[in-house]
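In what follows, residues are counted from 1 in the order of the sequence shown.
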Amino acid sequence: MLSNIYLHYVLDLWFEKAVKPRLKGEAYLIRYIDDFIVCFQYRADANRFHEALKKRLHKFKLELEPDKTRLIEFGRFASRQAKAQGKKKPETLYFLGFTHFCTRNRKGNFMVGRKTEKKRLRRSIGKIQTTLRLIRHWPIPEQVEKINQMLRGHYNYYGMAGNLKSLYKVYQATDKYWHKMLCSRSRKGYVTWERYAQIKSWFPIVRPRISIPYKELKLYVIL
């Protein structure tokens with residue numbers, strides 16, 4: 001809350017009132033707490049803003065994180081520019097746990113693709129596996145309730161249009177590791193795959209679902 005209040009005056013209002021009127025092209029600021037992306041139509045505007053931003057933050061005893069600050073070309077013409085520079089594909093950007101990349105829809109038009117960022121994906125799977133180790137001696141109904149609680153939370157956050165493949169990676173990793181934990185409950189407690197399938201028919205694991213489909217995603221973009 002304090003970060004939002006502080007940066008509203010330090011960054012948001014300053015960008016709208018002082019920066020945008022001085023730019024040659026269009027520009028947009030997207031911020032969540034202290035993590036933000038700024039989009040520019042022209043590279044020259046981006047370079048000027050970068051220098052002005054460092055000075056602005058310094059006045060308020062703040063500074064940019066060098067490892068997380070970079071300038072990339074992104075958008076409709078990024079693929080063409082990447083090919084002209086001898087690159088296979090344009091760069092990607094990471095924001096709020098997603099990898100955003102340039103792609104095209106079925107009609108061949110440009111669109112922004114999204115998938116769970118690799119580190120976040122490994123972290124989510126690791127967290128679920130740690131929990132499964134801790135609860136492997138719980139009654140199976142209670143285990144499933146806990147597993148589904150964690151999976152629903154993951155699907156609700158990362159279930160954006162186009163990211164179904166990443167959701168299935170979490171689901172499949174959870175499914176495989178739960179079987180492993182059930183087999184480790186005792187020395188002679190190996191659970192055959194047939195028996196495991198029967199257990200899941202009684203106590204199913206929540207399968208991946210998209211919480212924000214493309215139609216709703218367009219509405220968020222308009223907002």
Side-chain angles (χ1 to χ4, degrees), residues 1-8 11-12 28-39 64-65 67-70 72 74-75 89-106 110-136 138 141-181 200 203-223:
M1 183 180 293
L2 291 176
S3 296
N4 274 324
I5 295 172
Y6 198 62
L7 288 177
H8 174 70
L11 182 60
D12 301 348
Y28 303 92
L29 170 67
I30 304 99
R31 181 179 65 82
Y32 181 77
I33 308 179
D34 62 346
D35 198 1
F36 61 92
I37 293 175
V38 192
C39 308
L64 293 171
E65 174 57 54
D67 296 334
K68 295 183 179 180
T69 305
R70 61 193 180 108
I72 68 168
F74 195 90
K89 55 184 179 180
E91 293 186 73
T92 58
L93 61 90
Y94 311 108
F95 188 58
L96 302 182
F98 287 90
T99 297
H100 301 261
F101 56 94
C102 300
T103 186
R104 295 188 180 278
N105 59 21
R106 294 178 181 178
F110 168 79
M111 66 176 290
V112 178
R114 298 172 186 83
K115 61 182 179 181
T116 309
E117 198 270 320
K118 290 182 180 179
K119 290 183 180 179
R120 292 292 187 94
L121 186 64
R122 289 196 296 268
R123 188 187 306 172
S124 297
I125 293 174
K127 184 177 180 181
I128 292 174
Q129 290 179 341
T130 298
T131 301
L132 286 173
R133 288 195 295 271
L134 294 173
I135 68 173
R136 60 180 169 174
W138 288 14
E142 294 181 16
Q143 287 191 45
V144 174
E145 183 179 356
K146 182 64 176 179
I147 292 170
N148 286 341
Q149 181 184 27
M150 298 183 72
L151 288 177
R152 287 193 188 98
H154 184 85
Y155 300 159
N156 287 338
Y157 185 86
Y158 291 101
M160 296 187 71
N163 195 35
L164 189 60
K165 186 176 180 180
S166 295
L167 299 186
Y168 264 101
K169 288 182 179 180
V170 175
Y171 170 81
Q172 290 168 351
T174 301
D175 184 34
K176 184 177 180 180
Y177 202 78
W178 188 37
H179 175 257
K180 181 179 180 179
M181 289 299 97
K200 288 197 298 180
F203 308 100
I205 301 175
V206 176
R207 299 184 71 85
R209 67 178 183 84
I210 295 297
S211 55
I212 305 179
Y214 281 112
K215 291 183 179 180
E216 292 186 20
L217 192 59
K218 292 180 180 179
L219 296 176
Y220 283 99
V221 172
I222 294 173
L223 292 173

Going by the rule side-chain hydrogen bond (donor to acceptor under 3.5 Å, both in side chains), which residues pair with [X] if we only count those two or more places apart in sequence or in a different chain?
X      : value
Gln143 : Trp178
Tyr32  : none
Arg136 : Ser184
Tyr94  : none

- Restricting to pairs with a member in residues 160-174, which pass side chain to side chain donor-acceptor pair (under 3.5 Å), not counting sequence neighbours? Thr116-Asn163, Asn163-Ser166, Tyr171-Arg207
Which residues pass the salt bridge (Lys or Arg N to Asp or Glu O under 4.0 Å) test with [X], not counting sequence neighbours?
X      : answer
Lys180 : none
Arg31  : Asp12
Asp34  : none
Glu91  : Arg70

Could you list the donor-acceptor pairs under 3.5 angstrom formed by side chains in residues 95-103, with sequence neighbours left out?
none

Rounded at 0.5 Å granularity, tell me how far [atom1] in [X] sits from [atom2] in [Y].
X      : Y      : atom1 : atom2 : answer
Thr92  : Phe74  : OG1   : CZ    : 8.0 Å
Glu65  : Asp35  : CD    : CG    : 11.0 Å
Lys127 : Arg120 : NZ    : CZ    : 11.0 Å
Asn156 : Ile210 : CG    : CD1   : 11.0 Å

- Task: Establish, from distance only, whether the side-chain atoms of Arg114 and Tyr158 form a donor-acceptor pair under 3.5 Å.
- Result: no
- Greater than 12 external heavy atoms within 6.0 Å of Glu145's CD: no
- Query: Is a side-chain N or O of Tyr155 found less than 3.5 angstrom from the main chain of Val206, in a donor-acceptor match?
  - Reply: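 Answer holds: yes.
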- Message: Restricting to side chain to side chain contact (heavy atoms under 4.5 Å, CB included), what partner residues turn up for Pro141, sequence neighbours left out?
- Response: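 If we apply the side chain to side chain contact (heavy atoms under 4.5 Å, CB included) test to Pro141, skipping adjacent residues, the hits are Pro139, Phe203.
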- Message: Under the rule for side chain to side chain contact (heavy atoms under 4.5 Å, CB included), what residues qualify as partners of Arg122, not counting sequence neighbours?
- Response: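 Partners of Arg122 under the side chain to side chain contact (heavy atoms under 4.5 Å, CB included) test: Lys118, Lys119.
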